[in-house]
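One structure is given below, encoded as structure tokens.
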Number of protein chains: 2
Amino acid sequence: MDLRHLRYFVAVAEEENIGRAAARLHISQPPLTRQIQQLEEELGVTLFTRTPRGMELTQAGELFLEEARNIRALVEQATERAQRAGQGKLGRLDVGIFGSAILDAIPKLLLAFRNRYPDVKVVLHTMTKAEQIEALRQRRISVGFNRMLAPLADLEIRQVTTETLLLAVPARHPLAAQPVIRFAELQDHPMVLFPTGARPSFIDKVIGLCADSGFQPQISQEVGDAVTGVALVAGGFGVCLVPDSATTLQFPGVIYRQLADTPPNFCVDLSCIYRKDDQSPILAAFLNTVDGYREDTA
Amino acid sequence: MDLRHLRYFVAVAEEENIGRAAARLHISQPPLTRQIQQLEEELGVTLFTRTPRGMELTQAGELFLEEARNIRALVEQATERAQRAGQGKLGRLDVGIFGSAILDAIPKLLLAFRNRYPDVKVVLHTMTKAEQIEALRQRRISVGFNRMLAPLADLEIRQVTTETLLLAVPARHPLAAQPVIRFAELQDHPMVLFPTGARPSFIDKVIGLCADSGFQPQISQEVGDAVTGVALVAGGFGVCLVPDSATTLQFPGVIYRQLADTPPNFCVDLSCIYRKDDQSPILAAFLNTVDGYREDTA
DNA sequence: GCCGATGATACCTGCAGGGTATTGAGAAGG
DNA sequence: CCTTCTCAATACCCTGCAGGTATCATCGGC
């Protein structure tokens with residue numbers, strides 16, 4: 001049996017006349033007769049009673065007609081869905097994000113993507129940079145978000161956005177009273193640094209900036225993420241450099257201040273990372289959205 | 001697209017290797033490669049990523065795999081159901097029965113049929129003899145049950161059973177007191193006759209029997225069916241000849257008595273009637289059951 | 001750097017699906 | 001009652017495509 005048999009069968013059942021059905025199918029009558037005979041023979045069932053006025057469905061034929069229509073509808077649906085999936089409009093995208101720094105760009109980005117591709121289910125996985133890389137290689141995620149990503153042979157990195165840095169200061173801290181804070185002054189105050197874990201990370205960025213300005217920072221505490229860092233600032237552990245999107249973290253007793261006389265490159269990137277050999281149309285659609293986002297915010 | 005494409009696609013998706021899939025399908029590798037390419041081209045979707053280790057489904061491919069399996073299962077189910085329908089094991093049988101005389105044979109027969117063909121839905125329609133014939137011709141029913149059916153050009157009649165007649169007598173009736181009632185005595189007593197409606201019917205049978213015995217019955221009342229007739233007997237309207245299955249109608253004040261010296265053919269048939277040109281396997285199965293029933297009760 | 005595995009390509013063959021011409025059977029109509 | 005019309009079925013031919021064999025291209029692993 002064949003989808004052609006079903007198509008022909010449905011046509012004959014609907015027309016109740018082989019000649020008209022053949023015309024509708026743009027074939028001549030004899031091959032259609034033969035196809036119907038073949039179908040009946042293969043099923044071992046008489047689907048039509050032949051009358052001098054045409055073809056009439058038997059009870060078995062009526063039942064088979066329902067099923068045939070179902071099958072044809074399902075085939076149509078299958079092709080349609082496969083095509084949408086092939087265009088990245090349907091399916092699932094697993095995204096790796098890092099603990100807390102998803103404060104501004106990532107939600108906006110995901111929202112924009114969801115609007116454009118409503119039938120793609122986006123699944124978020126919170127994981128560290130190292131976990132993201134492993135998960136990408138194992139294909140548990142298709143794209144990861146992180147900062148300070150170093151080039152890798154099999155993974156492609158695409159920058160999403162760049163943020164300048166601000167200083168989180170306890171409200172009673174001496175620096176909080178100053179109208180202007182110069183970057184070099186940070187050498188006199190203990191700092192909270194984050195994140196712990198795989199290097200290079202934002203920590204190295206901060207230490208590098210200090211080195212560029214000719215000093216080593218006093219490290220009061222290293223913590224896992226920005227939220228914890230700002231919490232320690234609130235607790236008086238010291239000051240902390242954070243990306244400006246962290247200002248959405250409003251802690252009582254913490255104020256954010258801009259810095260003067262900053263070294264060059266006083267900013268940190270947010271990038272996404274994905275497998276170079278990933279041809280998935282959903283990833284392509286997502287990266288497309290990322291590019292659109294970057295242009296909008298540039 | 002073709003069911004073959006789906007079969008091949010599922011095989012390749014399951015084996016993740018064209019060579020093995022080809023072996024499983026008992027074809028060689030190149031045509032299989034080509035069929036998969038055709039399928040992908042027709043859908044406009046890449047279903048597999050080709051790796052040096054074999055074929056790996058894309059996300060679109062995985063989705064299509066589900067659908068393909070569904071479709072194949074549905075096709076299998078459709079053939080199976082069509083075949084069962086073709087064998088009369090699945091479907092629907094519309095049966096015409098008459099008002100009340102379905103007292104013994106018909107329920108037993110329907111029960112036997114239902115046991116043998118549990119997936120055939122039997123729909124009962126109560127209708128008169130004339131309505132049955134019209135409904136048969138219009139194909140609203142496939143088989144009817146009645147008595148005293150006269151031959152018709154397009155309808156076949158098959159006798160189901162034969163019943164002798166009994167006399168329903170009011171308990172206080174003079175005849176009730178006699179140890180033996182002879183048929184000829186009925187000429188002295190008013191009788192209730194049934195059914196009204198299309199002739200010839202059971203009424204003609206009774207009148208004919210009386211004529212054979214040399215008298216005309218005194219008609220006290222004509223009624224539509226046996227139940228009403230026996231009710232009138234209970235009300236003292238007279239006696240009434242009924243088929244012996246009517247003894248299941250137990251009315252207070254009515255007793256059933258056998259008759260002596262009855263004329264020949266002192267019995268009435270129950271037959272079923274169906275279209276001569278009806279090739280329906282369900283009807284065939286039903287008639288088969290009817291034959292079995294007749295043999296069992298013979 | 002060679003070998004083995006895997007998928008892709010090239011080319012051939014046989015069959016099955018589609019075409020034309022015709023027959024057969026029943027219904028309609030003069 | 002014979003003719004004619006309408007359908008489906010049959011006979012026969014032809015072309016396109018599924019499937020076969022041989023071979024190539026590519027990538028990992030030893």
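Remember, it's a predicted structure, so these values are computed and weren't measured experimentally.
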Original post:
Any donor and acceptor pair, going by atom type alone, linking the side chain of Asp291(B) with main-chain N or O of Asn288(B) inside 3.5 Å?
Top reply: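 No.
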Original post:
Between Lys276(A) (side chain) and Ala153(A) (backbone), is there a donor-acceptor pair under 3.5 Å?
Top reply: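 Yes; at least one donor-acceptor contact below 3.5 Å.
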**OP:** Run through Arg69(B), Arg7(B), Arg20(B) and flag the one making a salt bridge (Lys or Arg N to Asp or Glu O under 4.0 Å) with Glu14(B).
**Re:**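 Exactly one candidate clears the test, Arg69(B).
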Expressed as a whole number of angstroms, how long is the span from [X]:[atom1] to [N]:[atom2]?
X	N	atom1	atom2	value
Leu6(B)	dA18(D)	CG	P	14 Å
Ile36(B)	dA18(D)	CD1	P	12 Å
Met55(A)	dT6(D)	CE	C1'	14 Å
Glu40(A)	dA8(D)	CD	P	13 Å
Leu25(A)	dG17(C)	CG	P	15 Å
Asp277(B)	dG26(C)	CG	C1'	14 Å
Arg4(A)	dG18(C)	CZ	C1'	10 Å
Glu15(B)	dA5(C)	CD	P	17 Å

Taking the side chain of [X] as its heavy atoms from C-beta onward, which of [options] lies nearest to it?
X	options	result
Pro31(B)	dG20(D), dC7(D), dT10(D)	dG20(D)
Arg50(A)	dA18(D), dG20(D), dA9(D)	dA9(D)
Gln35(A)	dG19(C), dG17(C), dA10(C)	dG17(C)
Ile27(B)	dG20(D), dG18(C), dA9(D)	dG20(D)

Ignoring backbone atoms, establish whether [X] has a side-chain N or O less than 4.0 Å from OP1 or OP2 of [N].
X	N	value
Thr33(A)	dA8(D)	no
Ser28(B)	dG19(D)	no
Gln37(A)	dA8(D)	no

**OP:** Give the minimum heavy-atom separation between Gln132(B) and Met127(B), together with the two atoms involved.
**Re:**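 Here Gln132(B) and Met127(B) meet closest at NE2-O, 3.4 Å.
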Original post:
So what does His5(A) hit on the nucleic acid, given a heavy-atom distance under 4.0 Å: a base, only sugar-phosphate, or nothing?
Top reply: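 His5(A): no heavy atom of the nucleic acid under 4.0 Å.
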Subject >> Sugar-phosphate, base or nothing in reach of Tyr8(A), heavy atoms under 4.0 Å >> reply: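 Here Tyr8(A) touches the backbone only, sparing every base.
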**OP:** On DNA chain D, check which nucleotide each of Pro52(A) and Arg34(A) is closest to and give me the residue with the more 5' one.
**Re:**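 It is Pro52(A), whose closest nucleotide lies nearer the 5' terminus.
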Original post:
Gln38(B) or Gln29(B): which one's nearest nucleotide on DNA chain D is closer to the 5' end?
Top reply: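 So the residue in question is Gln38(B).
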Original post:
Phe48(A) vs Phe9(A) aromatic rings, parallel, tilted or perpendicular, using cut-offs 30° and 60°?
Top reply: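 Tilted, since the angle between the ring planes falls between 30° and 60°.
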